[in-house]
Amino acid sequence: MAVLKSSPAFLVLAFAFAFFLCFIMSTGSYVYFQFVQQWPPTNCRVRIKRPCSNPRPLQIFTIHGLWPSNYSNPTMPSNCIGSQFNETKLSPKLRNKLKRSWPNVESGNDTELWEHEWNKHGTCAEQTLNQMQYFQRSHGMWYPHSITEILKNASIVPSPNQTWTYSDIVSPIKKAIRRTPLLRCKPVPALPKSQRGPKSQRAQPNSRPQSQLLHEVVYCYDYDALKLIDCNRTAGCWNNVDIKFPP
Ligand SMILES: *[C@@H]1O[C@H](CO)[C@@H](O)[C@H](O)[C@H]1NC(C)=O
Ligand SMILES: *[C@@H]1O[C@H](CO)[C@@H](O)[C@H](O)[C@H]1NC(C)=O
Ligand SMILES: *[C@@H]1O[C@H](CO)[C@@H](O)[C@H](O)[C@H]1NC(C)=O
Ligand SMILES: *[C@@H]1O[C@H](CO)[C@@H](O)[C@H](O)[C@H]1NC(C)=O
Ligand SMILES: *[C@@H]1O[C@H](CO)[C@@H](O)[C@H](O)[C@H]1NC(C)=O
Ligand SMILES: *[C@@H]1O[C@H](CO)[C@@H](O)[C@H](O)[C@H]1NC(C)=O
């Protein structure tokens with residue numbers, strides 16, 4: 001080994017291996033896309049420590065991100081080697097569209113969210129979609145299939161009290177897009193200390209919550225981000241727990 005370490009052959013091998021690793025990381029490895037849309041009132045309900053910049057969040061589903069994904073890898077590829085976000089690569093016209101479809105409902109700084117999503121997720125599919133295409137394609141996915149309208153047509157509208165089952169919400173979406181989407185939920189946040197009841201009546205952390213808030217709807221797309229496909233991951237909501245769709 002000592003001989004090998006200093007030999008040119010070893011150096012060549014080491015370089016080749018490092019190059020190979022870089023290649024794998026830089027090309028990313030994904031199989032399909034998850035297009036994730038979020039319900040802003042839920043984003044803001046669960047942010048207790050740093051409230052949303054706008055106290056009256058939008059009442060439409062907006063884009064969270066377009067995530068290259070891999071069935072056999074539950075943690076998606078992320079932060080791949082590639083070009084970093086550069087806002088000037090987005091035309092002013094596209095930026096105006098994204099301000100509607102892809103706002104940062106938490107901090108109010110839209111560019112910050114676009115930068116985060118591109119650097120974390122977009123870079124992992126740069127071989128398929130460059131920066132301009134990544135944002136254009138995402139806006140195009142948001143625009144024709146308005147979840148807000150699909151749900152409204154099925155009489156599923158935001159309400160502080162009413163609850164739904166998972167399939168109540170999935171069925172009309174599935175019917176409209178003719179593919180199976182996924183829902184993601186958040187537990188109803190604990191009340192501030194001053195408003196809590198006795199400890200014995202409170203849910204334990206990590207236990208099944210009594211009810212949950214609809215947070216995100218995921219559509220799945222093929223490798224080229226052109227064709228909708230069925231999502232077949234397990235849902236991100238608790239089974240058999242009522243779902244609220246808060247205003
Ligand atoms: C998906 O992820 C697994 C586990 O990380 C990896 O072995 C596999 O190569 C990936 N699939 C593709 C198509 O990149
Ligand atoms: C950002 O993109 C513009 C237009 O393509 C280019 O002129 C500029 O050099 C880029 N900036 C950086 C920091 O890469
Ligand atoms: C918004 O975020 C961008 C990207 O992170 C940053 O460059 C910019 O300074 C931020 N703008 C404000 C007003 O904070
Ligand atoms: C909702 O219903 C209206 C009126 O029936 C219809 O024009 C529209 O296409 C429907 N939208 C969706 C997304 O199903
Ligand atoms: C929701 O429930 C509370 C308590 O049960 C009730 O006081 C309130 O009127 C209800 N609100 C709506 C919009 O139904
Ligand atoms: C999901 O579908 C893909 C493509 O049809 C398949 O390769 C994969 O095994 C499926 N995963 C699960 C968990 O069913």
Side-chain angles (χ1 to χ4, degrees), residues 26 35-40 43-44 47 49-55 57-67 78-159 164 167-183 214 216-221 227-228 230-231 245:
S26 64
F35 176 60
V36 185
Q37 299 181 66
Q38 62 190 5
W39 178 244
N43 282 56
C44 296
R47 269 172 80 92
K49 293 208 174 103
R50 281 185 301 149
C52 283
S53 59
N54 182 350
L58 288 170
Q59 300 270 315
I60 54 166
F61 281 86
T62 59
I63 303 174
H64 178 176
L66 178 64
W67 301 343
S78 61
N79 300 307
C80 298
I81 295 166
S83 72
Q84 293 296 289
F85 181 74
N86 178 346
E87 194 173 10
T88 58
K89 285 190 179 157
L90 307 180
S91 67
K93 197 171 157 204
L94 178 59
R95 271 181 258 168
N96 276 334
K97 289 181 184 170
L98 296 175
K99 285 192 167 297
R100 277 190 300 128
S101 60
W102 206 333
N104 186 338
V105 298
E106 298 183 351
S107 78
N109 182 343
D110 301 339
T111 313
E112 176 190 72
L113 176 60
W114 304 339
E115 178 177 39
H116 170 84
E117 292 296 316
W118 169 263
N119 290 346
K120 181 166 179 192
H121 299 285
T123 51
C124 298
E126 198 169 3
Q127 72 268 35
T128 308
L129 301 172
N130 66 27
Q131 228 174 98
M132 180 76 179
Q133 292 164 332
Y134 177 81
F135 288 98
Q136 249 168 356
R137 196 69 64 82
S138 301
H139 180 81
M141 291 172 176
W142 174 81
Y143 181 68
H145 309 291
S146 161
I147 300 172
T148 325
E149 194 181 312
I150 293 169
L151 293 180
K152 193 172 159 199
N153 278 7
S155 306
I156 298 175
V157 290
S159 151
W164 284 273
S167 77
D168 288 340
I169 297 171
V170 156
S171 300
I173 301 174
K174 195 169 168 175
K175 210 169 145 195
I177 68 169
R178 287 189 249 108
R179 291 285 180 257
T180 307
L182 280 183
L183 305 183
L214 177 61
E216 291 175 328
V217 177
V218 181
Y219 291 173
C220 296
Y221 279 85
K227 212 172 79 175
L228 269 165
D230 286 326
C231 296
F245 182 29

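Atoms within each ligand, like the ligands themselves, are counted from 1 in listed order.
- Between Trp67 and Ser78 the shortest side-chain heavy-atom distance does not fall below 4.5 Å.
- Checking atom 9 (O) of ligand 2 against the protein gives no heavy-atom contact under 4.0 Å.
- Nearest-heavy-atom check against atom 5 (O) of ligand 3 across Glu115, Glu112, His116, Glu87 picks out Glu115.
- Residues Arg47 and Cys52 have side chains in contact (heavy-atom distance under 4.5 Å, counting atoms from C-beta outward).
- Side-chain atoms of Glu126 and Cys80, non-hydrogen and from C-beta on, never get closer than 4.5 Å to each other.
- Distance from atom 14 (O) of ligand 4 to its nearest protein heavy atom, with residue and atom name: Asn153 ND2, 3.2 Å.
- For atom 2 (O) of ligand 3, the choice among Asn109, Asn119, Thr111, Asn104 with the nearest heavy atom turns out to be Asn109.
- Residue contact check: Ile150 has heavy atoms under 4.0 Å from atoms 13 (C) of ligand 4.
- Closest heavy-atom contact between Asn104 and Asn109: ND2-O, 3.0 Å.
- Taking the six-membered ring where tryptophan is involved, the planes of Phe135 and Trp118 are tilted, since the angle between them lies from 30° to 60°.
- For Ile156 against Asp168, the heavy-atom pair with the smallest separation is CD1-O, 3.2 Å.
- Note: an N/O pair closer than 3.5 Å links Asn86 and ligand 2 by distance alone.
- When only interatomic distances are considered, the shortest N/O to N/O separation between Ser146 and ligand 4 does not fall below 3.5 Å.
- By the 4.5 Å heavy-atom criterion applied to side chains, Trp142 and Trp102 are not counted as neighbours.
- The protein atom (non-hydrogen) at minimum distance from atom 4 (C) of ligand 2 is Thr88 OG1, 3.8 Å.
- The protein atom (non-hydrogen) at minimum distance from atom 11 (N) of ligand 4 is Glu149 OE2, 2.7 Å.
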